[in-house]
Amino acid sequence: MNITLSARPPFNFYNTVRSHGWYQLAPYEWDDGKHFLSRVERLSDGRVVLLRFSGASDGLAVEVRGRVTKAEQADIADKARWMFALDADLSAFYDQAEREPRLRHCREQAYGRLLRSSSMFEDVVKVMMTTNIQWSGTKRLVKALVDHFGEPLADDPSRRAFPTADKIARSREAALRKLGLGYRAPYVLKLARGVTQGVYDLAAFKDPALPTDALRKRLIALPGIGPYAANTLLMILERYDHIGVDTEAVSAVSTHFYDGQPVGEKEVNATFAAWGQFKALAYWFWDYDGTHQTPMAQYEARPS
DNA sequence: TTCCAGGGGTAGA
DNA sequence: TCTACCCATGGA
């Protein structure tokens with residue numbers, strides 16, 4: 001079964017996948033040779049399927065193995081449109097970027113979309129797993145959560161979907177600590193239980209009508225989510241007026257704007273202040289190394 | 001061994 | 001609002 005979805009132009013499948021590190025986190029699997037992005041997905045009716053995404057002429061192709069009902073097709077299409085932000089309109093950012101040599105390439109490369117997960121719960125947990133840890137550790141913890149709590153694919157139980165909030169909610173802190181989550185364990189558990197009990201309505205965070213300031217307050221109110229994580233989630237939610245300042249941001253701004261001098265959050269924000277509602281996009285897609293490559297390619301090209 | 005990572009929560013000022 | 005301190009774990 002194949003589903004083809006059109007995207008608001010410009011759209012570039014590869015550059016969307018490589019927009020940030022999410023494609024390296026389970027249950028995403030990236031085939032860099034074939035440019036296929038796969039993931040096991042638990043559909044809204046509870047069925048677990050394997051999805052394979054690739055670029056199509058004017059958008060995205062989704063391949064699902066086996067038969068799916070019309071309702072499941074619609075569910076998959078909805079989720080795919082969200083994950084790849086197919087409807088995102090970045091024209092205002094591109095217009096502003098024309099005046100900056102370090103960002104002028106963004107329109108042609110269709111930079112600006114950030115790959116997302118199919119649910120806000122998954123993205124909130126994943127951002128939480130990026131805090132105070134190295135990227136290799138983030139990948140390890142997310143994989144551990146998927147392997148331990150995710151629903152398996154029927155014809156290949158070694159591949160699993162991202163765990164539901166309900167599944168994690170029914171576990172214990174000790175089980176999460178055993179996976180290596182450390183002090184993040186109680187935060188994940190509180191989040192999952194809050195979602196299950198209706199204390200946190202994460203799906204509502206997708207509502208474009210929700211003012212950014214109110215949304216940011218709700219994000220920071222979540223367990224384990226502080227300023228960095230909230231701002232990162234805001235960027236994922238297509239709101240770009242706050243920069244998720246982490247050690248990477250500080251390092252990049254220090255190296256490229258302050259001649260290697262030590263800087264803090266204030267300097268990071270000041271560097272991109274002129275970009276107003278597009279601060280986070282300007283920071284994230286800035287052509288730091290002059291190669292016009294995606295942020296992840298620039299990240300991987302750096303000496304470790 | 002020591003330091004610190006794509007920080008957050010809490011207490012105290 | 002700002003600062004000091006603690007938090008688990010693994011990599012460098």
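Predicted model only: the values in this text are computed from it and were never measured. The chains referred to below are lettered A, B, ... by the order of the sequence lines, with proteins before strands, and numbering in each begins at 1.
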Pairwise 5' ranking along DNA chain B for A:Tyr187 and A:Glu248, keeping only the more 5' one
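Nearer the 5' end of the strand: A:Glu248.
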
DNA chain B: A:Gly224 or A:Trp284, which has the more 5' nearest nucleotide?
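The residue closer to the strand's 5' end, by nearest nucleotide, is A:Trp284.
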
Name the orientation class of the two ring planes belonging to A:Tyr288 and A:Phe257 (parallel below 30°, tilted from 30 to 60°, perpendicular beyond 60°).
perpendicular

Taking only side-chain nitrogens and oxygens of A:Arg140, does any of them come within less than 4.0 Å of OP1 or OP2 of C:dG10?
no

Under 4.0 Å between a side-chain N/O of A:Thr247 and OP1 or OP2 of B:dG7, yes or no?
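Yes, A:Thr247 has a side-chain N/O under 4.0 Å of OP1/OP2 on B:dG7.
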
Nearest listed nucleotide, side chain of A:Tyr228, among C:dA8, C:dA12, B:dG8
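Taking heavy atoms from C-beta onward, the closest nucleotide is B:dG8.
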
Per A:Met296 side chain, nearest of listed nucleotides C:dA8, B:dG6, B:dG8
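For A:Met296, the side-chain atoms sit closest to B:dG6.
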
Separation of atom [atom1] in [X] from atom [atom2] in [N], rounded to whole Å:
| X | N | atom1 | atom2 | result |
| --- | --- | --- | --- | --- |
| A:Leu176 | C:dT9 | CG | C1' | 15 Å |
| A:Glu265 | B:dG6 | CD | C1' | 13 Å |
| A:Leu145 | C:dT9 | CG | C1' | 14 Å |
| A:Ile133 | C:dA12 | CD1 | P | 12 Å |
| A:Lys139 | B:dA5 | NZ | P | 18 Å |
| A:Met129 | B:dG8 | CE | P | 12 Å |
| A:Leu181 | B:dG8 | CG | C1' | 14 Å |
| A:Ile236 | B:dG6 | CD1 | C1' | 12 Å |

Taking atom [atom1] of [X] as the centre, report whether more than 12 heavy atoms of other residues, nucleotides or ligands fall under 6.0 Å from it.
| X | atom1 | value |
| --- | --- | --- |
| A:Asp259 | CG | no |
| A:Lys206 | NZ | yes |
| A:Arg47 | CZ | yes |
| A:Glu98 | CD | yes |

What contact category does [X] fall into here, base, sugar-phosphate, or nothing, at under 4.0 angstrom with non-hydrogen atoms?
| X | result |
| --- | --- |
| A:Gly137 | nothing |
| A:Leu222 | sugar-phosphate |
| A:Arg177 | sugar-phosphate |
| A:Leu141 | nothing |
| A:Ala249 | nothing |

Please write out the pairs of protein N or O atoms and N or O atoms of nucleotides 11-13 of chain B separated by less than 3.5 Å, giving the distance to one decimal.
none

Quick check: on DNA chain C, is the nucleotide nearest A:Ser136 upstream (toward 5') of the one nearest A:Asn132, or the reverse? Name the residue that is more 5'.
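Upstream on the strand: A:Asn132.
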
How about A:Trp286 and A:Phe272: are their ring centres within less than 6.0 Å of each other?
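For A:Trp286 and A:Phe272, the ring centres are under 6.0 Å apart.
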
Is the distance between the ring centroids of A:Phe84 and A:Phe13 under 6.0 Å?
yes

Distance check, P atoms only: B:dG6 and C:dA4, in whole angstrom units.
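Those two atoms are separated by 23 Å.
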
Can you tell me how far C1' in B:dG9 sits from the matching atom in C:dG10, rounded to whole Å?
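Result for the C1' pair: 22 Å, nearest Å.
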
Which value, rounded to the nearest 0.5 Å, describes the distance between A:Asp147 atom CG and A:Arg159 atom CZ?
12.5 Å

